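All values reported here derive from a predicted model rather than from experimental measurement.
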Amino acid sequence: MTTCFESCGLRRQSDSDPGLTALHPALRRRAFSIVALVTALAMETALAAPAAIETEFDDQEILITLPSEALTPDTPPDSAPALADQVQAFLLQARSQGDPRYLGYAQALFERWPESRMTDRLKILRATLNQSLHRFESAREELTDILNESNSNRQQVTQARLTLANLELVQGHYESAHSHCQQLANDFPGLIAASCLAQVEARTGHAETAYQSLHAQTRQSPASDATSQIWALGTLADIAAQLGRPEAEQHWRQVLALAPDDLYTRTQLADWLLERGENKAVIKLTDAYEQVDSLAVIRAIAMKRHKHTDAGRLSAMLEERFTEARWRGTLLHQRDLARYALEIEGDAETALTHALANWQDQREPLDTRLLLRAAESAGNDPVAADVRAWLDKHDQRDARYPEVRS
């Protein structure tokens, strides 16, 4: 389970709360990547090769209408709090809509803001933006600086630590992630810190214990604490999926009932259903989410397996989207492209190239599973062996890795 604190709409629980702020229930999970916008294709084009990328246009031709939020003033906000609020709003929009343009708007605001006027809150938001753009080392350095500054207030230190714990977890740096999670538990005990620890423990050989412990704590937590409950439910779902338990679906649906805009949870549930052959359920769950690459790819796979009449259109649209993203050099997250290449195009070599590049930065369970499948499909035993060695090093067992564990 991932965090985004200030960037995801946190608010203070009370004036006396010195530490964590409450997380907006709908927008809290992992930094995701969306690389392009949906481009409609005519049915006769859908079954043909992707359309060529156009580079010549009339001067007066309207190519796209930007959201009203993009029409920002020529000058940035005149105060650090106002700038932070605007950046936070853009990051919220990016997470809830799956629209990468809002990340660009946030980046533009930072580029026009003097470094000498950066506050801890702005630094955390910039680190979160960098993580969303897969600039992991820049994000790590920014967050570490806040933790090392003696004049940082406790609230910002706590937010920086949780964001950093998430980054380390995503990249598979479990020792560092555990250290930060444990410090959170010491400074701000509760379900969020417990969820942080449970994720690390689950990925390092103690999934059953982590699930049972967090489940017990969740039942004991006050029902009014919706934010922490949602956080814990999402973590329980992740660990249940790792254990291969059907409770994973129940936990994810509980989260979506409370936070329907949670794209990470919707993607995880869609993947869970797809793996169980519930293609019709996947198509229903991903309806109206074709603008989100991760959901669009899962939807395309389900449509292909279900022999849906719209499968060709969506596959062609994704092909054009990925081609354009590569041409622009804006392919943020290669996992979606790798999965598309493997399961839609049947191109194991291309899938392996992108899955391996993605795994260098992100080692979430779905990243690892995809790399294993691509390596085995491509007949690349050395890559598969390296992944197995890494899993063995961390004693990581996962029911989603049938290629590795019986």
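The number of heavy atoms from other shown groups lying within 6.0 Å of CD (E175) does not exceed 12.
Each of R373, Q242, Q396 was scored for a side chain to side chain contact (heavy atoms under 4.5 Å, CB included) with Y401, with one residue passing: Q396. Checking each of L285, V297, L295, D293 against T267 for a side chain to side chain contact (heavy atoms under 4.5 Å, CB included) leaves exactly one that passes, namely L295. For the side chain to side chain contact (heavy atoms under 4.5 Å, CB included) with Q334, the qualifying choice from D361, T353, N358 is N358, the only one to do so. If you run side chain to side chain donor-acceptor pair (under 3.5 Å) between Q171 and each of E364, R140, Q362, only R140 comes through.
Atom CG of L164 sits about 9.5 Å away from atom OG of S179, to the nearest 0.5 Å. To the nearest 0.5 angstrom, N153 atom CG is 8.5 Å from Q159 atom CD.
Between H251 and H215, the two ring planes are perpendicular [angle over 60°; tilted spans 30° to 60°]. The aromatic rings of Y174 and H394 stand perpendicular to each other, their planes meeting at an angle above 60°, with 30° marking the opposite boundary.
At a cut-off of 3.5 Å, with distance as the only test, a side-chain donor of Q88 or R121 sits close to an acceptor on the other residue. For the residue pair D238 and Y264, a side-chain donor N or O sits within less than 3.5 Å of a side-chain acceptor on the partner. There is no side-chain donor-acceptor pair under 3.5 Å between E247 and Y211. If you check the side chains of N186 and Q182, you find a donor sitting under 3.5 Å from an acceptor. S315 and E319 are not linked by any side-chain donor-acceptor pair at a separation below 3.5 angstrom, with hydrogens and angles left out of the test.
For the pair E275 and R400, the salt-bridge criterion is not met [side-chain N within less than 4.0 Å of a carboxylate O]. We find that R95 and D262 are not joined by a salt bridge, their nearest charged nitrogen and carboxylate oxygen being 4.0 Å or further apart. Using a 4.0 Å cut-off between a side-chain N of Lys or Arg and a carboxylate O of Asp or Glu, R321 and E324 do not qualify as a salt bridge. The pair R388-D386 does not count as a salt bridge, with every side-chain nitrogen at least 4.0 angstrom from each carboxylate oxygen. In this structure, E278 does not pair ionically with K284, as no charged nitrogen and carboxylate oxygen lie closer than 4.0 Å. The pair D310-R313 meets the salt-bridge criterion, with a side-chain N (NZ, NE, NH1 or NH2) lying under 4.0 Å from an Asp/Glu carboxylate O. Classification of E141 and K123 as a salt-bridged pair fails, no side-chain N sitting under 4.0 Å from a carboxylate O. Ion pairing between R369 and D271 holds under the 4.0 Å rule for side-chain N and carboxylate O. Taking 4.0 Å as the cut-off between side-chain N and carboxylate O, K304 and E345 do not count as a salt-bridged pair.
Taking 4.5 Å as the limit, some side-chain heavy atom of Y289 sits within range of a side-chain heavy atom of L263. Side-chain contact between V282 and L274 is present, with at least one heavy-atom pair separated by less than 4.5 Å.
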Item to check | From CA spacing to verdict: side-chain contact (heavy atoms from CB on, under 4.5 Å), E142, I124 | outcome: CA-CA 7 Å; E142 191 107 67; I124 292 173; over 6 Å; no
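Every salt bridge (Lys or Arg N to Asp or Glu O under 4.0 Å) that R305 has, sequence neighbours left out, goes to E343. R135 is linked by a salt bridge (Lys or Arg N to Asp or Glu O under 4.0 Å) to nothing, counting only residues two or more places apart in sequence or in another chain.
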